[in-house]
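By convention in this document, chain letters (A, B, ...) are assigned in the order of the sequence lines, proteins followed by strands, and residues within each chain are numbered from 1.
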Amino acid sequence: MADPNGYDDSFDDPFQPVGTRIESAPVPARREGGIAARAMAARGAPSDYLAGLNPEQRQAVETTEGPLLVLAGAGTGKTRVLTTRIAHILATGRARPFEILAVTFTNKAAREMKERIAGFVGGNVEGMAWLGTFHSICVKILRKHAELVGLKSSFSILDTDDQIRLIKQIIQAEGLDDKRWTARAFAGILDGWKNRALGPEDIAEGEARAFANGKGRKLYREYQERLSILNAADFGDLLLHVITLFKKHPDVLKDYQRRFRYMLVDEYQDTNVAQYLWLRLLAQGNPNVCCVGDDDQSIYGWRGAEVDNILRFEHDFKGATVIRLERNYRSTSHILAAASHLISFNEGRLGKTLFTDFSEPDHDLVSVASVWDSEEEARTIGEEIEALQTKGHSLNEMAVLVRASFQMRSFEDRFVTLGLNYRVIGGPRFYERLEIRDAMAYFRCVVQPSDDLAFERIVNTPKRGLGEATIKLVHGVARAERIPLMQAASQLIDTEELKPKPRNALKNVLDNFDRWRRQLEQMKHTELAEIILDESGYTEMWRQDRSAEAPGRLDNLKELIRSMDEFESMTGFLEHISLVMDRDSADATDAVSIMTLHSAKGLEFDTVFLPGWEEGLFPHQRSLDESGRAGLEEERRLAYVGITRAKKRAKIYFASNRRIHGQWQSSLPSRFLDELPVDHVEIAEPSTSYGGYGGGGYGPSRFDSHDPFDTGSYSTPGWKRAQRARSSEGFSEGGRGYQSARMKRQGPLTIEGELVAKSVSDTPSEYSLGERVFHIKFGYGAIKSIEGNKLTIDFEKAGVKKVIDSFVERH
DNA sequence: TCTCGAAGCTTTTTT
DNA sequence: AGCTTCGAGA
């Protein structure tokens with residue numbers, strides 16, 4: 001990324017800060033060799049980039065004005081249209097690079113788009129400042145206007161892990177049983193709300209009550225307050241804050257509306273309500289919105305995507321043009337026929353019919369094979385891969401696409417024994433690893449002393465004897481004084497609340513951070529990073545660790561520092577990481593890919609293996625339980641995505657027996673098998689002696705009597721969960737007792753963001769000299785001197801001690 | 001405060 | 001079955 005800080009307008013961008021309205025946009029001096037200059041130089045020869053487009057694609061590129069929905073079926077050249085369109089807008093001088101907003105969902109997609117545009121325009125895409133993910137664009141906007149939504153421009157971005165830990169604290173602070181009401185569960189609910197752009201005040205009463213005996217709304221509110229104290233935003237907030245900003249500050253919105261002359265959204269079927277609202281606000285000033293997507297490939301409903309957005313496009317954006325791209329350039333006619341027939345079982349589609357000229361008599365039919373269990377499945381697929389390999393097919397052109405990641409294991413096992421190269425895509429990501437997150441927490445504490453979550457993570461990693469008891473004290477001070485943990489800790493070590501051992505340990509940690517913070521300015525950030533990990537004892541901790549993973553972790557830490565080198569500063573690096581959690585795994589070796597169907601979207605392979613087509617696994621039972629018909633349709637789209645990944649060969653498998661959660665279960669073939677067109681499918685011969693399931697062969701009649709929506713509903717996990725939830729309601733009014741004493745000191749929860757930065761001396765103690773007070777640990781005593789919020793007290797039993805005022809009570 | 005054994009969860013994933 | 005998380009004892 002050329003712009004590590006994400007909010008640095010070094011490009012030739014006449015951005016006007018809020019308030020200074022641009023009445024007539026000044027034309028900036030064009031930089032020699034800049035993207036616009038080059039693009040405009042290419043003007044007059046549009047045929048260059050338009051050549052080779054089919055009529056529909058060309059129309060999609062040239063319909064620049066007004067709302068446009070491009071329904072791009074699988075393999076119809078969607079990305080090509082998107083990038084050519086941008087090139088076209090630039091080349092015809094309709095807009096300058098920084099006047100185009102182009103949104104994608106993943107960083108990978110953004111990167112690819114940048115590369116391809118660069119290909120058209122000749123190298124330099126720097127000027128495409130507003131090409132990125134929803135989130136990265138929001139961050140960019142927010143950094144500029146943070147104050148308007150109650151944040152400071154330096155706000156940090158919480159990842160899922162931080163979020164869960166924070167929620168957990170809030171649930172505990174509420175005195176709720178954090179087992180019954182798990183942080184994870186609430187995070188999910190919260191996510192749902194934020195995806196729908198609902199603030200604490202907007203959620204429906206019923207929904208707010210459903211969690212934690214009606215405390216849902218309160219928890220939400222408290223969570224948001226904590227975030228603002230921490231000067232942090234979670235992923236959902238990035239969008240929501242921008243929406244709020246746009247709504248409350250029409251002048252700011254207007255600036256952006258004016259700036260973005262053309263807007264493009266990729267994968268529109270994956271947008272959620274918040275993203276839709278975001279786009280709508282921007283589009284109010286300017287109708288040139290082009291959304292590209294495929295309703296048949298909407299597979300992220302479970303994380304808030306609204307297929308409705310794409311289905312309603314014509315309604316929402318008046319006068320919209322709809323263009324269908326139906327000519328498929330990827331797959332054989334058999335594969336297309338299979339996919340099309342399958343997806344036709346879905347209702348409520350916008351409807352596309354993919355076609356291709358790519359049809360030869362020797363093309364393979366889509367194959368369906370029955371196997372005994374997952375081991376045989378892996379064995380069979382392994383053999384087929386080896387057979388193809390001997391025929392000269394590249395492993396890179398083969399992929400095993402599974403429904404759930406636990407299925408990957410049997411393939412890995414098998415491929416290892418066969419000595420077959422494979423790579424797993426989408427496994428645990430680099431930046432999610434424990435050691436990386438720990439290291440990052442150290443860096444975060446250095447850069448942002450108020451990053452409580454980071455501090456908590458590493459105070460006692462490696463072990464320093466700073467256990468729960470000590471942390472609780474620090475927390476107490478922080479909460480009472482409304483200051484960050486580190487600041488609270490530094491106050492605490494001036495007193496005698498702590499025993500000498502933890503006190504020294506804590507002092508040591510704080511001194512270290514102070515020193516590192518000073519070094520930050522003098523030293524190269526990579527060098528400092530190494531120093532931090534060394535001096536903190538973190539590296540040493542893993543060196544001492546005798547477990548098998550330890551050496552790998554040390555390698556990862558080295559890799560982390562190496563990757564920091566690409567960034568200009570620690571801050572730039574941290575920003576990048578919080579938004580870009582993926583890592584380029586540009587691996588040159590020839591290998592079979594193993595991945596989930598979800599992560600396969602957008603990819604293509606000559607040969608695709610689709611194992612595990614069994615009822616309960618695919619379609620997944622939980623999807624059916626939770627979302628009924630809609631769930632089934634989404635699963636079907638997933639099947640469609642799977643099949644359409646194949647260029648030449650699609651091979652489907654189902655096992656009669658599968659071990660799920662350690663339990664062997666016999667399984668029925670997926671209903672999706674019956675939805676494949678007989679003419680384009682062959683039933684593969686059982687490759688091993690005990691092939692086949694139950695009665696042999698699969699027949700369409702099998703499921704006729706099998707309505708998934710009224711069978712066995714009393715034993716499904718969903719029903720059981722519902723039962724459990726119901727029975728638990730009512731008698732969990734507990735958590736009384738010690739809670740009330742604690743609550744007293746918390747005071748009002750409405751806080752101005754600035755209070756966070758307040759230092760001790762500003763808040764004089766409410767106690768007076770000579771006053772008799774009670775301290776939980778030291779007992780009764782009289783105040784001898786006051787220094788800010790630190791009191792020196794002569795205790796009747798414990799003698800003279802220095803303590804913090806929030807730990808004593810008047811008596 | 002740390003370490004070990006027991007007890008719970010396990011769909012899909014990005015930012 | 002296997003991984004993480006939690007609670008009891010050293």
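Distance A/L238 CG to B/dT14 P: 17 Å, rounded to the nearest Å. A straight line from CG of A/D159 to P of B/dT15 spans 13 Å, rounded to a whole angstrom. In this entry the distance linking CG of A/L466 with P of B/dT1 reads 8 Å, nearest Å. Taking atom CG on A/D625 and atom P on B/dT11, their separation rounds to 12 Å, with Å as the unit. At whole-Å resolution of the value, CZ in A/R303 and P in B/dT15 are 8 Å apart. For A/R637 and B/dT11, the CZ to P distance is 20 Å, given to the nearest whole Å. Here B/dT12 presents its C1' atom at 9 Å from CD of A/E634, a figure rounded to the nearest Å. For the pair A/R184 CZ and B/dT12 P, the interatomic distance rounds to 13 Å; values are reported in whole Å.
In this structure, A/H620 packs face-to-face on the six-membered ring of B/dT11, meeting both the 5.5 Å centre cutoff and the 30° plane limit. Here A/F235 does not lie in a stacked arrangement on the base of B/dT14, lacking the combination of planes under 30° and ring centres under 5.5 Å apart.
Taking 4.0 Å as the cut-off between side-chain N and carboxylate O, A/E575 and A/R143 count as a salt-bridged pair. Salt bridge present: A/R444 and A/D451 bring a charged side-chain N and a carboxylate O closer than 4.0 Å. A salt bridge does not link A/R503 to A/E497: none of the charged nitrogens lies less than 4.0 Å from a carboxylate oxygen.
Put simply, chain A comes within 4.0 Å of DNA chain C, heavy atom to any atom, from C/dA1 to C/dG7, going 5' to 3'.
For A/K501, there are no salt bridge (Lys or Arg N to Asp or Glu O under 4.0 Å) partners at least two apart in sequence or on another chain. Applying the salt bridge (Lys or Arg N to Asp or Glu O under 4.0 Å) test to A/D438 and every residue at least two apart in sequence or in another chain returns A/R457. Considering only residues two or more places apart in sequence or on other chains, A/M408 meets the side-chain contact (heavy atoms from CB on, under 4.5 Å) condition with A/V402, A/S405, A/E412, A/V424, A/I594, A/T596.
Counting any heavy atom pair closer than 4.0 Å across all strands shown, A/K501 reaches no nucleic acid atom.
DNA chain B is contacted by both A/H598 and A/N460; A/N460 maps to the nucleotide lying nearer its 5′ end (nearest heavy atom per residue). The 5' end of DNA chain B is approached more closely, in terms of each residue's nearest nucleotide, by A/A404 than by the other of A/A404 and A/F134.
Picking from B/dT10, B/dT12, B/dT15 the nucleotide with the shortest atom distance to the side chain of A/R622 gives B/dT10. The listed nucleotides are B/dT1, B/dT15, B/dT12; the one nearest the side chain of A/T133 is B/dT15. Counting only heavy atoms from C-beta on, A/S599 has its side chain closest to B/dT13 among B/dT13, B/dT10, B/dC2. Checking B/dT11, B/dT13, B/dT1 against every side-chain atom of A/A469, the shortest atom distance belongs to B/dT1.
The shortest distance between the side-chain N/O atoms of A/T596 and the OP1/OP2 oxygens of B/dT13 is below 4.0 Å. Between A/N107 and B/dT15 there is a side-chain N or O to OP1 or OP2 distance below 4.0 Å.
Residues in residues 263-277 of chain A take part in these salt bridge (Lys or Arg N to Asp or Glu O under 4.0 Å) pairs, two or more places apart or across chains: A/K78-A/D266, A/K78-A/E267, A/E267-A/K601, A/D270-A/K601. The salt bridge (Lys or Arg N to Asp or Glu O under 4.0 Å) contacts involving residues 163-173 of chain A comprise A/D161-A/R165, A/D162-A/R165, where partners must be two or more places apart or lie in separate chains.
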